[in-house]
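Just so we're clear, the structure is a prediction, and the values are computed from it rather than from any experiment.
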Amino acid sequence: MRKITLKLLTKIPTRYVTTGLLLIITLFLYGIIGSHFIMGLNLVDSIYYSVITMATVGYGDYIPKTGIQKIFATTLALAGVALLAYVFNIILTNFQEKMNEYSKGAWKMKTIENMDDYYILCGYGRVGKVVFEELTKRKQNVILFEKDEEITENIEESDSAVVIHKDATEDNLISKLAGDKCRSVIISTGDDVTNLFIVLSIRESNPDAWIVSRASKEENYSRLRKAGAGKIVSP
């Protein structure tokens, strides 16, 4: 669990980390400059006062006395609290999102492991949607690979239908799944080059896999056949 937690925390989007660091640095500089010119502290004491005020510790060794000093200390403390709340909110929100993704991914892999056999379908376009609906109507197990997140969110999953939001050309998971339990890999994207690449990737690690590929142009039939497609279909 500790390894999973560290892995999830390291995947916080860079833009959030950068924004948080810039805000901390900006507030810290404000605290140091204000402590020096308003509180009349030297550099070391200014750094010290900024840290304890931003952290709302307040040991009481430096007490603001004038009106401007009190305003400065108040703004520094309030900004410190707001900044800490912002940073922790980012961390917790992203951690929760990553945990949900991890849990959902674990459920998907567990569901696939429990399948006796399955079909792998690449692409949920015009053709892929028809194939998916036909397989599910026949109560066949289907693993769908679709790179469009908006499309995957609208597909209902079950114990016999698993949707994986990945680009089949950029991930080797499809090759790992196209093993003994896979009855057939059906490649239905509208791009022949993409289909050719997926066929080659699967055939490289699974020489016995039965692959059915869509072809949009007749001149690509022979290329897909040579790449390892067992059957080629043109809509």
For residues Leu135 and Phe145: do they belong to one hydrophobic cluster (side chain heavy atoms under 4.5 Å, members Ile, Leu, Val, Met, Phe, Trp, Tyr)?
no

Stepwise side chain to side chain contact (heavy atoms under 4.5 Å, CB included) check, Glu153 with Val163:
CA-CA 9 Å; Glu153 289 177 349; Val163 180; over 6 Å; no

Could you give me the CA-CA distance, side-chain angles and deciding distance for Glu170 and Lys166, then say whether salt bridge (Lys or Arg N to Asp or Glu O under 4.0 Å) is met?
CA-CA 8 Å; Glu170 298 178 355; Lys166 287 183 181 291; over 6 Å; no

Are there over 12 heavy-atom neighbours, none belonging to Lys181, within less than 6.0 Å of that residue's NZ?
yes

Side-chain contact test, heavy atoms from C-beta onward, threshold under 4.5 Å: evaluate it for Phe37 versus Phe72 and give yes or no.
no

Please check if the number of heavy atoms outside Glu219 that lie under 6.0 Å from its CD is greater than 12.
yes

Okay, side chain of Gln69, backbone of Lys65: is any donor-acceptor separation there less than 3.5 Å?
yes

So, Tyr62 and Asp45: side-chain donor and acceptor under 3.5 Å apart, yes or no?
yes

Determine the minimum heavy-atom distance between Asp116 and Asn141, stating which atoms define it.
N-ND2, 4.3 Å

Are the side chain of Asp191 and the backbone N or O of Thr194 linked by a donor-acceptor pair below 3.5 Å?
yes

Neighbour count above 12 (heavy atom, 6.0 Å) for Glu156 CD
no

Any donor-acceptor pair under 3.5 Å linking the side chain of Asp192 with the backbone of Ser216?
yes

Under 3.5 Å: donor-acceptor pair, side chain of Tyr118, backbone of Leu177
yes

Any side-chain donor paired with an acceptor under 3.5 Å for Tyr124 and Ser188?
no

So how far is it from Met39 CE to Ile63 CD1, rounded to the nearest 0.5 Å?
9.0 Å

How close do Ile232 and Arg225 get, heavy atom to heavy atom, and via which atoms?
CD1-N, 3.7 Å

Checking Lys147 side chain against Ala168 main chain: does a donor-acceptor pair fall under 3.5 Å?
no

Just checking, is any N or O donor in the side chain of Thr169 or Asp167 under 3.5 Å from an acceptor N or O on the other one?
yes

Do side-chain atoms of Gln140 reach the backbone of Tyr119 as a donor and acceptor pair under 3.5 angstrom?
no

With Leu144, which of Ile186, Ile155, Ile164 fulfils side chain to side chain contact (heavy atoms under 4.5 Å, CB included)?
Ile155

In sequence, state the C-alpha distance, the side-chain angles, and the governing distance for Val185 and Trp210, and then conclude on side chain to side chain contact (heavy atoms under 4.5 Å, CB included).
CA-CA 6 Å; Val185 180; Trp210 177 248; over 6 Å; no

Does either side chain, that of Asp61 or that of Tyr48, offer a donor lying less than 3.5 Å from an acceptor on the other one?
yes

Considering all heavy atoms of both residues, which atom of Tyr49 and which atom of Ala73 are nearest to each other, and what is their separation?
OH-CB, 3.4 Å

Between Ser50 and Ile32, the two heavy atoms sitting closest are OG-N, 3.1 Å

Ala229 and Val199: which non-hydrogen atoms are nearest, and at how many Å?
N-CG1, 3.6 Å

Compare all side-chain heavy atoms of Arg214 with those of Val127 and state whether any distance is below 4.5 angstrom.
yes

Would you kindly confirm whether Leu224 and Val193 end up in one hydrophobic cluster when ILVMFWY residues are joined by side chain heavy atoms under 4.5 Å apart?
no

Say you draw a straight line from OG of Ser35 to CD1 of Ile47; how long is it, rounded to the nearest 0.5 Å?
9.5 Å

Got a second to check how far Ser184's OG is from Leu121's CG, nearest 0.5 Å?
9.5 Å

In terms of hydrophobic clusters joined by side-chain contacts under 4.5 Å, are Tyr221 and Ile202 together?
yes

Side-chain contact test, heavy atoms from C-beta onward, threshold under 4.5 Å: evaluate it for Leu29 versus Ile25 and give yes or no.
yes

At what distance, to the nearest 0.5 angstrom, does CG of Leu196 lie from CZ of Arg223?
8.5 Å

Answer yes when Lys108 and Glu157 have at least one side-chain N-carboxylate O distance shorter than 4.0 Å, and no when they do not.
yes

Short side-chain to backbone donor-acceptor contact, Arg203 and Asn206, under 3.5 Å
yes

Are Leu41 and Leu43 linked, directly or through intermediate hydrophobic residues, by side-chain heavy-atom contacts shorter than 4.5 Å (ILVMFWY only)?
yes

Would you say the side-chain atoms of Lys129 pair up with the backbone N or O of Gly123, donor to acceptor, closer than 3.5 Å?
no

Quick one: CD1 on Ile112 to CE on Met109, what's the gap to the nearest 0.5 Å?
4.5 Å

Side-chain heavy atoms of Ile211 within contact of Ile187, under 4.5 Å:
yes

Please answer: with hydrophobic residues joined when any side-chain heavy atoms are less than 4.5 Å apart, are Val212 and Ile174 in the same cluster?
no

I need the minimum non-hydrogen distance between Leu27 and Met54, along with the two atoms involved.
CD2-CE, 3.7 Å

Residue pair Val131 / Glu134, side-chain heavy-atom distance below 4.5 Å
no

Taking Ser175 for the side chain and Ser205 for the main chain, is one N or O donor matched with an acceptor at less than 3.5 Å?
no

Pairing donors with acceptors under 3.5 angstrom, does anything connect the side chains of Asn195 and Thr189?
yes

Is a salt bridge present between Glu133 and Lys137, judged by a nitrogen-to-oxygen distance below 4.0 Å?
no

Under 3.5 Å, is there a donor-acceptor pair between the side chain of His36 and the main chain of Asn42?
no

